[in-house]
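Okay, handing you the structure first.
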2 protein chains.
Amino acid sequence: MATTGRRLRADAERSVRTILEAAERLLSENPGATMEQIAEAAGVARTTVHRRFASREALVETMATSAWQEIDDAVDAARPYTAPPLVAMHQATANVVQIKSGWRFALGTLPPPGEEATRIHDAVMAKCDAVFARALEAGLLRPGTDPRWARQVYLALISEAVHHSPTTAQPQAADDPDALATLIIDTLLYGLAPRRPGPPAVQDTPGVDLPAGHDRS
Amino acid sequence: MATTGRRLRADAERSVRTILEAAERLLSENPGATMEQIAEAAGVARTTVHRRFASREALVETMATSAWQEIDDAVDAARPYTAPPLVAMHQATANVVQIKSGWRFALGTLPPPGEEATRIHDAVMAKCDAVFARALEAGLLRPGTDPRWARQVYLALISEAVHHSPTTAQPQAADDPDALATLIIDTLLYGLAPRRPGPPAVQDTPGVDLPAGHDRS
DNA sequence: GCTATCTGCTACATCACTGTTGCGGATAAA
DNA sequence: TTTATCCGCAACAGTGATGTAGCAGATAGC
């Protein structure tokens with residue numbers, strides 16, 4: 001009985017948020033979690049969940065839509081069409097990593113076709129491709145690189161970085177989005193082999209001011 | 001009513017194989033597929049599936065165990081402790097990619113703890129780490145590289161490569177395991193930035209004879 | 001050919017999850 | 001204070017999947 005256009009009362013709006021957060025928490029650890037469990041984790045009755053979301057499917061779709069909306073905004077904030085490619089990549093990556101760590105489930109599987117989330121998803125992918133095209137043009141990527149492979153690898157690195165818990169090296173890299181972004185971009189562009197002097201790293205790029213201390217060389 | 005120690009009749013053994021293959025096919029596209037659907041895809045009655053596998057859980061675990069067993073064998077075949085690190089990596093990668101493309105579901109999520117599959121999984125990971133340690137020692141990896149990050153990236157690249165359908169560039173890379181392995185290892189070590197002359201690629205390493213034409217420079 | 005085994009089929013029992021309804025009490029908003 | 005809205009609770013219906021049991025016909029293996 002959700003999706004009514006009427007304005008919600010303040011406490012109801014709070015319930016919706018609490019449910020969404022609890023659902024994310026539960027489903028990210030167990031995608032088969034029950035509405036009952038979600039309700040319990042949110043501290044509300046099961047019927048209240050059904051009051052706000054017509055079905056389990058509707059709940060999941062709402063999560064996906066708002067998560068992808070956040071991602072879209074985060075990418076836009078990096079000015080993907082105007083900022084220098086490397087800068088845009090770094091900034092977008094840092095933003096996205098932060099959001100993705102809070103929406104692990106909602107962003108884990110791509111939304112089913114026909115939903116609003118899919119539209120946003122496609123838009124984000126288009127922006128991603130645009131940045132990569134500009135990077136290729138700027139000589140950051142090897143000519144002839146398969147653009148689909150580049151995007152696949154990039155997205156995979158982001159996912160891995162989100163699940164990358166800190167241990168020995170890169171001590172502060174876990175919670176610092178800029179450090180994670182540097183790790184991702186560096187790995188994407190230069191891999192794990194020993195570095196030879198030559199190309200500029202993100203930090204050396206003019207016009208980018210990052211807090212010092214992230215250079216992991 | 002499965003897991004009985006008795007020797008199965010030939011036709012029963014065939015049934016088991018057919019069911020496992022059908023289950024892999026179905027579940028890789030829809031992890032929530034029904035026992036009914038699996039049975040139908042295998043061309044047997046639902047009760048027959050239950051006759052061979054006590055429960056859905058048991059079926060999935062059997063799949064995981066045999067899949068990971070194949071992976072383990074494939075890694076061993078690359079002689080991870082004795083072959084030159086780069087050779088071992090390439091060979092193991094090529095072998096694993098082939099197997100993984102046939103066990104997408106069974107190898108998709110790591111097996112639940114306490115199962116036989118977990119034991120094999122851990123053994124494989126140990127071998128993986130060993131190869132990476134040898135690679136680091138041999139100067140293939142940058143000193144100070146977080147070993148967990150290296151493994152994460154490597155495994156992610158394998159997963160992506162399996163799902164990497166062919167289009168424009170790398171035309172034959174889709175079905176040729178050696179080409180895919182080259183793509184994975186090159187991306188892992190050197191990334192996507194323009195290559196500068198210097199380190200040897202896999203194909204240039206003495207002692208490795210690969211079919212020509214995989215150099216994607 | 002004989003026998004143990006395997007299979008399809010039908011029927012049944014159970015269970016978990018989903019989704020709905022209605023009511024009385026609480027609470028936000030005016 | 002008044003009122004519309006929200007919530008917890010209890011009860012119920014429907015659905016779909018899982019797992020079991022027994023029987024009659026087919027088939028592999030000796």
- prompt: What nucleotide among dT18(C), dC7(D), dG8(C) has an atom nearest to a side-chain atom of A12(A)?
  reply: dC7(D)
- request: Going 5' to 3' through nucleotides 22-30 of chain C, assign each nucleotide B (protein heavy atom under 4.0 Å from a base atom), S (under 4.0 Å only from sugar-phosphate atoms) or - (no protein heavy atom that close).
  value: -----BSS-
query: Whole-Å distance between dG8(C) C1' and I19(B) CD1?
result: 13 Å
message: Using whole Å, what does the distance between atom C1' of nucleotide dG19(C) and atom CZ of R52(A) come to?
response: 16 Å
- line: side-chain contact (heavy atoms from CB on, under 4.5 Å) filter on T34(B), not counting sequence neighbours, yields E36(B), Q37(B)
query: Mind checking what makes side-chain contact (heavy atoms from CB on, under 4.5 Å) contact with T118(B), not counting sequence neighbours?
result: P111(B), E115(B), D122(B)
task: Please state whether the phosphate of dC9(C), meaning OP1 or OP2, lies under 4.0 angstrom from any side-chain nitrogen or oxygen of R46(B).
output: no
field: Nearest-Å distance for atom pair CZ/C1', residues R7(A) and dC6(D)
entry: 16 Å
- request: Scan residues 21-36 of chain B against DNA chain C and write down, sorted by residue number, each residue with any heavy atom closer than 4.0 Å; if none is found, say none.
  value: none
statement: CG (L107(A)) and OG (S101(A)) are apart, to the nearest 0.5 Å, by 10.0 Å
- prompt: Quantified as the angle between the terminal helix axes (five pairs each), what is the overall bend of the helix from dG1(C)-dC30(D) to dA30(C)-dT1(D) to 10 degrees?
  reply: 50°
message: Heavy-atom nearest nucleotide on DNA chain D for V44(A) versus E57(B): which residue maps closer to 5'?
response: V44(A)
task: Go through H121(B) and D72(B) one step at a time and tell me if the side chain to side chain donor-acceptor pair (under 3.5 Å) criterion holds.
output: CA-CA 8 Å; H121(B) 169 271; D72(B) 194 37; over 6 Å; no
message: M89(A) vs I184(A), test: side chain to side chain contact (heavy atoms under 4.5 Å, CB included). Steps then yes/no.
response: CA-CA 10 Å; M89(A) 284 174 67; I184(A) 291 169; over 6 Å; no
field: Euclidean distance, L192(A) CG relative to T187(A) OG1, rounded to 0.5 Å
entry: 5.5 Å
- prompt: CD of E40(B) versus P of dA17(D): gap in Å, rounded?
  reply: 12 Å
message: To the closest 0.5 Å, what do you measure between CD1 (I19(B)) and OG1 (T62(B))?
response: 10.5 Å
message: In whole Å, I'd like the distance from the NE2 atom of H50(B) to the C1' atom of dT20(D).
response: 9 Å
field: Closest non-hydrogen atom pair, R52(B) against A12(B)
entry: NH2-CB, 3.9 Å
task: Provide, to the nearest angstrom, the distance between the CD atom belonging to E13(B) and the P atom belonging to dG29(D).
output: 10 Å
- prompt: Taking only residues two or more places apart in sequence or in another chain, which ones pass side-chain contact (heavy atoms from CB on, under 4.5 Å) with T47(B)?
  reply: A45(B), R51(B)
task: Starting at atom CG of L59(B), determine the distance to atom C1' of dG19(D), rounded to an integer number of angstrom.
output: 14 Å
field: Check: E70(B)/W103(B) side-chain N/O donor and acceptor closer than 3.5 Å
entry: yes
message: Can you give me the closest heavy-atom contact between P80(B) and V75(B), atom names plus distance?
response: CD-O, 3.4 Å
